[in-house]
Each structure stands twice: as structure tokens, then as C-alpha cells.
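This report refers to the structure that appears directly beneath it.
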Amino acid sequence: MSDVKNTKVRFAPSPTGQLHLGSARTALFNYLFAKHTNGQFYMRIEDTDIERSKQKYVDQICASMRWLGLDWDGEPLFQSTRLDVYHSVIKTLLETDSAYRCFCSKDILEEARNEGLFQYSGTCRNLSEDDIKKHLNSGEGFVVRLQVPKGNTKFDDMIYGSVHVDHQEIDDFIIARSDGNPTYNLVVVVDDHEMEITHVIRGEDHISNTPKQILIYNVLGFSIPQFAHLPMILGPDKKRLSKRHGAPGIQQFKDDGYLPDALLNYLALLGWNPGSENEIFTLDELIKSFELDQVHKKGAVYDEVKLSWISGQHMMRMGTANILEGIHEINSEWGKGYESRYLYSVLDQLKQRSKSLREFIDQSSYYFSDPESFDEKSSRKNWKDDNTNTSVNTFKNYLENIENWNSEEIESALRHIAEENEISAGKLIHPTRLALSGVPSGPSLFAMMELLGKDVCIRRLNKALETFPQS
RNA sequence: GGCCCGUUCGUCUAGUGGUUAGGACUCAGGAUUCUCAUUCCUGCAACAGGGGUUCGAUUCCCCUACGGGCUACCA
């Protein structure tokens with residue numbers, strides 16, 4: 001499928017929140033790339049921030065990933081289980097003078113930053129052995145910083161192309177906190193190396209971290225993977241869509257009744273184009289078409305209206321059995337007590353007017369119970385006076401005598417009566433629909449009546465005839 | 001402040017040194033229909049601005065503007 005051998009990628013969320021749209025897209029592109037190249041797709045939980053990392057988010061993220069259908073290979077790797085490894089790397093770095101202890105307090109650093117000094121001044125860079133001992137003996141805390149050499153770093157991003165950074169732009173960044181635990185830039189390198197990751201595919205917000213990481217790769221003598229940075233997903237205000245700006249969690253999309261494939265389809269089209277005019281894809285089709293070099297650099301605005309359209313397209317293509325299954329996942333009570341054949345018919349009638357599973361549920365109540373109220377506007381418009389009662393009543397009486405209860409019979413009956421009463425068919429159709437469903441619109445009236453059955457239709461018509469005596 | 005990245009209809013995007021700048025969503029109008037929806041047709045709507053290079057730039061270069069990212073003992 002591709003000339004790249006044994007590709008290995010990873011999705012590395014930090015469990016400080018649930019899986020949201022942006023991270024799901026990153027996961028998807030990693031997944032698509034892995035599958036397209038017959039490679040491996042791993043999951044790594046970046047929980048080195050002990051304060052903010054929570055088990056419940058790990059669970060939520062994994063659940064969302066499974067719901068989306070983005071299954072990973074092997075077991076997820078937890079960075080919190082690998083602290084020993086990082087500590088030993090830090091020790092090595094210290095011993096080889098690639099890194100050094102910094103005793104500057106947080107307060108001092110913050111002050112400097114407030115004064116416009118955005119880079120670490122390098123105060124502790126060249127402390128003598130004695131100085132270090134003195135600090136250590138006095139029990140002062142310290143962080144470990146990487147000693148960034150002079151020079152520059154270049155890498156070829158698979159999406160952004162060649163990126164060039166002068167080391168003057170990189171200060172001696174922290175690789176170990178004062179509690180001794182490693183920071184992101186260190187662990188990501190150590191783990192990507194150990195997991196033999198070949199392609200690091202992540203958000204564009206990491207592009208300026210990349211040179212820092214390359215520095216670490218070099219110091220450690222590790223080979224450098226390929227990098228691909230994905231454009232951001234933006235909110236309507238063009239700002240990066242983030243948890244803070246109310247980025248919807250993936251769970252929300254499930255609750256709203258979106259299909260995983262529809263969501264994935266939409267997400268894929270945000271920043272990637274398939275090179276054809278087709279816009280509707282299943283996951284398998286996405287895997288086939290996906291190419292990293294067709295991803296662009298520009299951030300894309302999330303648009304729920306388009307998502308909804310794509311969702312509707314998937315809904316229409318979806319098998320009725322699958323729709324039923326999906327509905328039961330979000331509402332196990334739906335259609336309880338009815339035969340599945342009946343439920344299938346309900347879904348078939350609603351199929352092309354539902355953009356989400358939720359809409360099936362919301363639009364189907366009259367298939368299971370008599371309408372409790374009647375749309376007011378439609379009542380006024382379609383049941384103006386007692387003439388309607390008369391014609392509906394005639395129609396009802398006629399229906400009672402129908403032996404073969406099917407849509408053709410019902411329709412011909414209705415048209416026959418409309419003609420006899422010298423009214424248009426619509427004058428009978430609309431009030432009948434209102435009486436039966438309580439709402440002004442829906443699937444074909446006659447198909448609906450056939451499905452509801454004679455008794456139900458007669459009962460509801462009687463009820464309406466009592467409710468709408470105008471005079 | 002510094003560094004990096006980006007800029008084609010409102011949104012997602014295609015595209016080229018010479019095109020009537022194409023498609024999709026949305027919106028408007030029409031056809032079909034028992035309504036709504038679907039489907040089909042039509043329409044509205046874009047190359048950020050200024051300089052170059054060139055016979056010719058939306059396309060190549062520079063500047064400006066605007067937007068985004070990073071600049072954390074977050075990831």
C-alpha cells in the first residue's frame with residue numbers, strides 16, 4: 001500500500017479532560033495514516049502532570065475512542081508507570097553535562113518575564129561544582145534544564161515543509177520539575193524512541209516544541225522520526241477550538257445522536273481533501289483515500305451545520321437494523337413493546353427526514369402513542385370550520401369499512417371522498433394528518449396510516465372530531 | 001516583545017503564469033409531492049491590500065495588514 005515500512009504512530013492524549021473535537025481529529029489522522037500504510041496505531045496516556053491527570057478522563061477518552069471506532073494496537077502506555085526510566089535519562093543528561101541544575105526560584109523567573117525578558121537568562125548555566133554543592137546542601141529545590149548549544153536546527157515537516165530554527169530562539173528549557181518529575185518535552189522523546197514511533201503526527205501547536213525535542217534526540221543519540229503537524233480546528237471566532245472555548249466533548253456527539261462514521265467523515269474533511277468531489281466516506285473508504293500530503297496548513301472552522309448534513313447523508317445510507325441498534329444505544333426504551341418489524345417500518349418512513357438518531361426519537365412519538373396536543377398553527381389553518389368535521393367524519397366512516405387496510409386502499413378512499421364532497425384532496429389530507437400525528441408534517445400520510453393500523457387511526461380521528469368542533 | 005505558521009465565496013475546499021476561478025454546506029427562487037424532508041434545476045457569493053518579476057499574475061518574490069501558534073516547574 002505504501003513504500004514506508006512498518007509505520008508506527010501514536011495518539012498521546014493527556015487525561016486532563018475528556019476527548020474533544022481537536023484531539024479526536026488528531027487521533028483520526030494518526031489512525032488513518034497507520035491503517036493506510038498497514039502500520040501500527042498506539043495509544044499513550046501522557047499523565048506526567050499528576051495534579052491535573054484524572055483516571056476518569058482516561059476512562060472517558062478510551063470510551064470515546066472505542067465509540068468512534070478508532071481501535072488501538074496493544075495496551076495503552078501510561079507515562080506515570082515509567083518515571084524510573086525518565087529519572088535515569090535525566091541523571092544521564094546531568095552526568096554528561098547536557099543538562100544542568102537550576103536553582104532560580106519561580107518568583108524570580110516570573111518577575112523577569114513580567115519585565116519583558118521572555119527567555120531564561122542562564123543564571124545557573126555555569127555554576128561551579130562548589131556552588132552547586134552549596135545550593136544542594138542548603139536544601140534548595142532545583143529544576144533541570146537542557147543545555148541548549150549554539151547553532152540551529154532544521155527539520156522537514158510532512159505538512160509544513162522545511163522548518164528552520166536558530167537556537168538563540170530556544171532557551172534552556174526545563175526537562176525536570178523541582179519535584180524531580182520530567183516534563184513533556186523530555187518524556188515525549190524518550191517514549192517515542194522506545195515505542196519506535198516512525199511518524200509523529202500531532203497538532204500544529206507542537207511545531208515549535210519540535211526543535212527542542214530534536215535537541216534531546218540528538219543528545220541522547222536517538223534517531224529522529226518524521227514529523228507531521230496538523231492545522232488547528234477553529235471556533236466560529238477563528239480562535240483555536242479548545243475545552244476552554246467550549247469545544248464539545250465527543251460524548252456530546254454521541255448523546256446528540258450522531259453516528260461515529262459521520263463525525264469521523266466530517267472531521268476528516270477538516271483540513272484534508274480526498275482529491276475527488278466525493279464528500280461522503282465510510283471509515284474504510286477514508287483509510288483507502290487518506291494521504292498526509294493532502295492535508296493543509298490552514299486552520300479550519302468547525303461548522304455544525306455541515307456536520308449535520310453529512311450525518312443525514314450517512315443516515316440515509318445506513319441499514320435500518322443498524323439505525324435501530326444505534327437508537328437503542330442512546331435510548332433503550334425507544335419502541336419498547338413493539339415488534340421489530342413495526343419499528344423497522346417506522347424507521348424507514350422517517351429515514352430521509354432525520355439527520356441524527358436523536359431526530360428519529362424526537363419525530364417518532366406518534367407511532368407509539370396518540371398525540372397529546374395538536375399543532376396550533378396547523379389547527380387554525382387546516383381545520384377552520386365544521387365543514388372539515390363533516391368531511392373527516394365521512395372519511396372515517398368509509399375507513400371503517402375498508403377490509404384490505406393498505407395505503408393504496410386508503411388513498412383511493414380519501415380521494416374518492418374528496419371528490420364527492422367537491423374539495424381538494426389536501427383539504428382532507430392535512431386535517432387527517434393533524435388528527436393522527438398532531439404535527440403538520442411527516443412521512444406519506446397513507447403509508448403512515450397503513451402502519452398505524454385501522455383501529456388506531458379510527459380512534460385518533462374520533463378524538464380529533466371531538467376536539468375540533470368549531471362553531 | 002521575539003520566533004514560527006497561515007490568508008480563494010459566510011463556512012469547508014478545488015485550481016492554474018493566460019479559466020466565464022470549479023465543487024460542497026448554508027441561504028434565496030423554481031420543479032416534483034398530500035405536508036415536511038429527499039431529489040433535481042437556477043441563483044447569490046471569493047483569490048486580504050500594496051509593490052515588484054512578467055507580454056500577462058489568484059498563481060512566483062517582497063512589504064504591510066489581519067488571523068493563529070509557541071514563548072509554563074501544561075501537554
Side-chain angles (χ1 to χ4, degrees), chain A residues 12-16 23 46-49 51-53 79 102 104-106 109-110 113 116-120 141-145 157 159-161 163-166 168-171 173-185 187-188 202-212 229 231-232 234 236-240 266 269-280 296-310 312 316 350-355 363 378 382 411 414-415 418 424-430 432-434 437 439-446:
Chain A
S14 82
T16 55
S23 37
E46 308 227 323
D47 53 356
T48 51
D49 185 339
E51 298 276 303
R52 301 195 302 147
S53 298
Q79 292 186 321
C102 169
C104 298
S105 74
K106 259 185 198 174
L109 295 173
E110 195 170 324
R113 211 171 301 127
L117 295 169
F118 289 87
Q119 283 206 347
Y120 175 60
F142 62 88
V143 298
V144 178
R145 291 179 182 272
D157 191 279
I159 291 161
Y160 283 86
V163 180
H164 224 129
V165 179
D166 195 297
Q168 281 186 326
E169 303 302 331
I170 305 172
D171 58 0
F173 58 95
I174 293 170
I175 56 175
R177 303 186 180 94
S178 47
D179 64 4
N181 286 323
T183 62
Y184 167 74
N185 279 126
V187 295
V188 76
R202 70 219 319 186
E204 190 245 33
D205 48 335
H206 287 297
I207 204 162
S208 33
N209 281 322
T210 307
K212 297 181 184 178
H229 289 91
M232 303 276 88
L234 278 19
D237 58 355
K238 306 265 184 175
K239 293 216 188 311
R240 172 180 166 186
Y266 174 69
L269 259 21
L270 237 40
W272 170 76
N273 90 281
S276 74
E277 304 247 286
N278 183 26
E279 296 201 279
I280 305 302
H296 31 126
K297 307 171 182 160
K298 188 186 153 194
V301 176
Y302 163 66
D303 177 18
E304 185 165 9
V305 176
K306 179 103 184 213
L307 166 62
S308 175
W309 177 79
I310 286 181
M316 281 190 275
L350 256 22
K351 214 167 191 170
Q352 56 187 185
R353 41 181 61 72
S354 299
K355 289 192 191 311
Q363 294 180 27
S378 174
N382 297 314
E411 176 162 10
L414 183 138
R415 293 194 186 280
S424 69
K427 282 263 188 286
L428 202 42
I429 287 171
H430 298 309
T432 303
R433 175 186 298 287
L434 183 67
S437 72
V439 291
S441 61
S444 157
L445 177 67
F446 309 112

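Below, chain A is the first sequence line, B the second, and so on; all start at residue 1.
- Here B:G23 presents its P atom at 18 Å from CD1 of A:I280, a figure rounded to the nearest Å.
- The separation of B:A21 from B:C62, taken at their P atoms, amounts to 27 Å, rounded to a whole angstrom.
- Annotation: B:C73 and B:U13 have their C1' atoms spaced 42 Å apart (nearest Å).
- In this pair, A:F118 lays its aromatic ring flat on the base of B:G1, centres within 5.5 Å and planes under 30 degrees apart.
- Both A:E46 and A:R113 lie near RNA chain B, and the one whose nearest nucleotide falls closer to the 5' end is A:R113.
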message: Across nucleotides 34-46 of chain B, 5' to 3', mark each nucleotide with B, S or - according to how protein heavy atoms within less than 4.0 Å reach it.
response: BBBBSS-------
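- Defined by atom type and a distance below 3.5 Å, a donor-acceptor pair is present between the side-chain atoms of A:N382 and A:S378.
- Whole-Å rounding puts the A:E169 CD to B:G2 C1' distance at 6 Å.
- In this structure, A:D166 CG and A:H164 NE2 are separated by 8.0 Å, a value rounded to the nearest 0.5 Å.
- One atom, CG of A:D166, and another, C1' of B:C3, lie 10 Å apart when rounded to the nearest Å.
- The interatomic distance linking A:F173 (CZ) with B:A72 (C1') rounds to 13 Å, in whole Å.
- In this structure, B:G17 forms no base pair with any nucleotide, since neither Watson-Crick nor G-U wobble geometry is met with both distances under 3.5 Å.
- If you check B:A75, B:U71, B:G68 against the side chain of A:K212, the one that comes closest is B:U71.
- Residue A:N209 is in base contact, counting any heavy-atom pair closer than 4.0 Å across all strands shown.
- Using modelled atom types, one finds no donor on one side chain facing an acceptor on the other under 3.5 Å when comparing A:S444 with A:R433.
- Nucleotides B:C66 and B:A48, compared at atom P, are 16 Å apart to the nearest Å.
- In terms of heavy-atom proximity, A:M232 sits nearest to A:E204 at CE-N, 3.3 Å.
- Note: CG (A:D205) to C1' (B:G67) measures 16 Å, nearest angstrom.
- The line from CG of A:L445 to OG1 of A:T432 is 6.0 Å long, rounded to the nearest 0.5 Å.
- If you check B:C66 for Watson-Crick or wobble pairing at under 3.5 angstrom, you find it paired to B:G6.
- If you take atom P in B:A46 and the same atom in B:U38, they sit 26 Å apart, rounded to whole Å.
- Atom SG of A:C102 sits about 12.0 Å away from atom CD1 of A:I175, to the nearest 0.5 Å.
- With rounding to whole Å, A:E204 atom CD is found 12 Å from B:G67 atom C1'.
- Look at B:G1: its Watson-Crick or wobble partner, with both distances under 3.5 angstrom, is B:U71.
- Taking the P atom of each, B:C25 and B:U39 are spaced 8 Å apart, rounded to whole Å.
- If you take CG of A:L109 and P of B:U71, they are 15 Å apart, rounded to a whole angstrom.
- At most 12 non-hydrogen atoms from other residues, nucleotides or ligands lie less than 6.0 angstrom from NZ of A:K427.
- Looking at A:H296 and A:Y160, their side chains never bring a donor and an acceptor atom within 3.5 Å of each other.
- Contact check, A:R240 against B:C70: a side-chain N or O comes under 4.0 Å of OP1 or OP2.
- With both ends at atom P, the span from B:G51 to B:U16 equals 26 Å, rounded to whole Å.
- Counting non-hydrogen atoms under 4.0 angstrom, A:R52 reaches a base of the nucleic acid.
- For A:S208 and B:C4, a side-chain-to-base donor-acceptor distance below 3.5 Å is absent, hydrogens and geometry of angles not being considered.
- The existence of a salt bridge linking A:R145 and A:D171 is excluded, since no basic side-chain nitrogen approaches an acidic carboxylate oxygen closer than 4.0 Å.
- Side chain of A:Q363 to main chain of A:R353: a donor-acceptor pair is present (N/O by atom type, distance under 3.5 Å, no hydrogens or angles).
- Under a 4.0 Å N-O distance rule, the pair A:R415/A:E411 qualifies as a salt bridge.
- Rounded to a whole angstrom, the distance from the P atom of B:G10 to that of B:G49 is 13 Å.
- As rounded to the nearest Å, B:U20 and B:A45 have C1' atoms that lie 15 Å from one another.
- Counting any heavy atom pair closer than 4.0 Å across all strands shown, A:V305 reaches sugar-phosphate atoms only and no base atom.
- Distance A:I170 CD1 to B:G69 P: 20 Å, rounded to the nearest Å.
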statement: Contact string for nucleotides 6-14 of chain B, one letter per nucleotide 5' to 3', B = base within protein heavy-atom range under 4.0 Å, S = sugar-phosphate only, - = neither, reads SSS--SSSS
